[in-house]
Structure formats: C-alpha cells, structure tokens
Amino acid sequence: MPPLTTPKSGDALFASVERVQNAELFTLTYGAIVRQLLTDLEEVEEVNKQLDQMGYNIGTRLVDEFLAKSNVSNCADFKETADTIAKLGFKMFLGVTATVTNWDAEGTTCSFVLEDNPLVDFVELPDTCQGLQYCNVLSGVIRGALEMVSMKTEVTWVRDMLRGDDAYEMRVKLTKQVPEEYPYKDDD
Amino acid sequence: MSDMASTACFVIVSKNDIPIYDAEVGSAPKKEDQAYQHQFILHAALDVVQDLAWATSAMFLKSVDRFNDLVVSVYVTAGHTRFMLLHDSRSEDGIKSFFQEVHELYIKIFLNPLYLPGSRITSSHFNTKVRALARKYL
C-alpha cells in the first residue's frame with residue numbers, strides 16, 4: 001500500500017483551493033443572506049436558529065472536502081482535533097487562523113479565538129437587532145463537521161466583536177464521543 | 001491668525017430628497033434657531049443642485065448658492081446622494097477633501113448588509129468620524 005502523503009500545511013491548503021471568488025463577494029453574499037433571513041423571519045432568535053441550522057448542513061458536507069484535501073491522519077484526541085480545526089480548517093475555508101485557548105480540566109471544552117473574521121467586514125449591528133448572533137453559521141459548521149466524525153458537541157459564543165468585544169470567541173464543548181457503528185448487523 | 005469661529009451645517013440627502021444625516025459641525029457655539037435656519041437654507045438650495053448636477057460630470061459642485069455671508073457647497077455621489085455643506089467662505093480644497101473622505105465613510109455604511117439604503121444613518125461611529133473630519137478640514 002503506498003504511503004500516505006504528508007499532511008499539507010494550512011497555507012498550502014489555502015492556496016490550493018480554487019480562489020475564483022473575491023473575498024468581498026463572499027462577505028456581501030453572507031450579509032445578504034442574513035438580511036433576507038431577518039426580513040423573512042423577523043424574530044432575532046429564529047434567525048439565530050436558522051443560521052445555526054444552515055451552518056450545520058454546511059459543516060456535514062464541508063468535513064468531507066476538508067479531509068479529502070488536507071490528507072490529515074486520524075487525530076488522537078479532542079485536543080488534536082481542535083488544533084487541526086483551528087489551524088487547517090479555518091485557514092483553508094476562511095483564510096484566517098484561530099487560536100485554541102482555555103482548555104478545561106478534562107480536556108473536553110476549549111475556546112476558539114478569531115482575531116479577524118471575513119464574514120463581518122463592514123457590518124454594524126443596528127439597535128433593532130441587538131440579540132443577533134451574526135456569525136452563528138460558524139458555530140453550526142463546527143457542530144456539523146464534528147458530528148460527522150462521531151463527536152457530539154455544543155458550541156456557544158462567548159465574545160463577539162459586533163457587540164464591542166475585542167475578538168470572536170466560541171466555546172466548543174464535547175458532550176459525547178459516539179463510537180462508529182456498523183450499519184449492518186453481524187448475524188444477518 | 002486666531003482661530004475664527006465658523007458656522008457649518010452638513011446634511012446628507014438621499015436621492016429621494018430625504019435627509020438621512022445632519023450635523024452642525026462648525027466651531028461656533030450652537031444656537032437652536034440658527035440650526036433651523038441652516039437646514040432651511042440647505043433645503044432651498046436643493047432645486048439649484050438638481051439642475052447643476054446634470055450639467056456637469058464632476059462630483060464636486062463647489063458653491064451652488066449664497067445666503068447673506070453663508071455659502072452652500074454640494075458634492076453629488078454616483079447614486080445621486082447629495083452631501084451639502086453650509087459654511088462661511090472657507091478654502092475650497094479643504095471642503096473638497098472633506099467631501100471625499102465623508103464619501104469613503106458613506107460607502108462603508110452602505111456596505112453594511114443590515115443598513116437599509118435611504119434610511120437614517122444612526123451609527124455613532126460615523127457621527128464621530130464626520131465631526132473629526134470637519135474639525136480637520138474646516
């Protein structure tokens with residue numbers, strides 16, 4: 001069996017993905033989605049839930065593309081998983097790296113800190129949408145991606161630059177690691 | 001030369017002739033009745049602006065109207081939004097630079113997906129920046 005190629009670095013991955021689209025177009029498209037959701041649903045909480053659901057759907061598909069392009073080997077534990085997401089995953093799809101901080105005692109909860117976030121260029125929250133989690137799609141993506149590799153997680157936002165904080169911080173908590181199940185019963 | 005007290009009133013009027021932003025940016029002490037008078041003068045100048053805007057392809061229309069010793073200068077954007085400044089005669093170059101910088105700020109507001117074009121600009125960040133620019137150029 002031929003040896004696996006070495007995992008590519010984050011920068012190489014970022015360069016290898018076809019960058020046909022302009023970054024501003026991406027930002028403006030996401031902004032248009034959020035604006036349309038606000039017009040359709042009117043309730044800020046509903047919009048947050050929809051963004052999370054959209055992110056979840058994206059995440060379940062995104063993880064396959066990520067694993068195919070990046071050639072990483074299996075991660076030994078949740079710590080390694082988090083590092084891989086922060087350095088390779090975010091860099092490959094958003095072009096920015098996140099830092100992983102605030103590990104708790106058991107090693108099941110950590111924080112991803114994003115210094116800059118291409119989704120929120122030019123955005124300012126008006127007074128009517130103060131409860132809006134603008135980047136909720138990112139938490140859905142992480143939740144969906146990890147669920148496809150048998151880790152159930154809960155993701156919450158701790159710091160949000162649109163609310164006046166200095167960075168974006170999301171808290172990822174591993175609730176359950178579901179062992180892989182065979183789809184067929186052995187004794188059939 | 002000592003720093004003369006200057007009156008200046010800056011208004012942004014959308015293409016539907018609705019004012020979406022206004023600010024008294026002069027360094028003179030603000031008086032209530034003067035503020036109303038300034039806005040009235042700017043409103044009256046809108047007709048003149050309408051004709052002049054289509055006559056030239058430049059964005060900066062210089063001074064379009066006079067009232068006593070106050071001059072109205074106007075800058076029209078590509079989307080037919082008018083930046084109007086009422087002031088006592090100051091350097092034209094300074095006013096042109098002021099309009100250009102405010103135009104940049106205005107574009108950033110427009111890029112905000114949560115901003116409805118044609119509605120009032122309520123961002124306090126924009127407000128602070130405009131006043132800072134006014135102190136710098138006027």
Side-chain angles (χ1 to χ4, degrees), chain A residues 21-52 54-55 58 94-95 116-138 157 160-168, chain B residues 10-25 35 39 59 75-84 97-137:
Chain A
Q21 186 200 70
N22 185 327
E24 272 187 7
L25 180 62
F26 175 60
T27 310
L28 291 174
T29 309
Y30 183 67
I33 292 177
V34 175
R35 224 259 294 279
Q36 196 57 42
L37 281 174
L38 277 170
T39 319
D40 290 340
L41 300 171
E42 283 169 24
E43 279 281 306
V44 168
E45 267 315 308
E46 273 300 314
V47 176
N48 287 343
K49 265 196 274 189
Q50 272 294 347
L51 285 175
D52 190 70
M54 280 164 54
I58 295 177
L94 287 182
D116 72 324
N117 185 346
L119 290 176
V120 300
D121 287 339
F122 311 122
V123 177
E124 224 181 280
L125 282 184
D127 298 324
T128 50
C129 321
Q130 279 304 318
L132 183 65
Q133 299 273 23
Y134 194 81
C135 312
N136 227 18
V137 78
L138 288 180
W157 283 97
D160 193 342
M161 250 160 142
L162 295 175
R163 309 270 177 90
D165 298 314
D166 51 350
Y168 294 95
Chain B
F10 176 61
V11 170
I12 302 183
V13 183
S14 75
K15 65 179 193 287
N16 304 323
D17 293 335
I18 303 171
I20 55 179
Y21 178 77
D22 59 75
E24 285 281 333
V25 296
Q39 293 190 5
M59 283 185 158
Y75 179 96
V76 182
T77 67
H80 213 58
T81 308
R82 285 142 289 185
F83 299 164
M84 305 180 77
S97 316
F98 172 70
F99 277 141
Q100 277 168 345
E101 302 241 349
V102 173
H103 193 189
E104 305 252 327
L105 289 173
Y106 175 69
I107 290 174
K108 296 214 175 93
I109 295 270
F110 246 62
L111 282 172
N112 181 5
L114 302 172
Y115 168 74
L116 183 65
S119 63
R120 285 198 70 83
I121 299 179
T122 51
S123 154
S124 57
H125 179 227
F126 181 76
N127 201 10
T128 327
K129 277 257 162 89
V130 167
R131 285 176 196 277
L133 283 175
R135 274 195 299 278
K136 184 173 158 199
Y137 286 111

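- Taking the side-chain hydrogen bond (donor to acceptor under 3.5 Å, both in side chains) definition, one finds that B:Asp22 meets it with B:Arg120, sequence neighbours left out.
- Residue contact with chain B, scored on non-hydrogen atoms closer than 4.5 Å, involves the side chain of A:Leu38 exclusively.
- Taken to the nearest 0.5 Å, the CD atom of A:Gln50 stands 9.5 Å off from the CG atom of A:Asp40.
- In this structure, chain B has no heavy atom under 4.5 Å from any part of A:Tyr30.
- A:Asn48 places a side-chain N or O within donor-acceptor distance of the main-chain N or O of A:Gly131, the cut-off being under 3.5 Å.
- A:Asn117 places a side-chain N or O within 3.5 Å of a backbone atom of A:Leu119 that can act as its donor or acceptor partner.
- With a 4.5 Å cut-off on non-hydrogen atoms, B:Phe110 does not touch chain A at all.
- For a residue to count as touching a neighbouring chain, one of its non-hydrogen atoms must lie under 4.5 Å from one of that chain's; by this rule B:Thr122 does not touch chain A.
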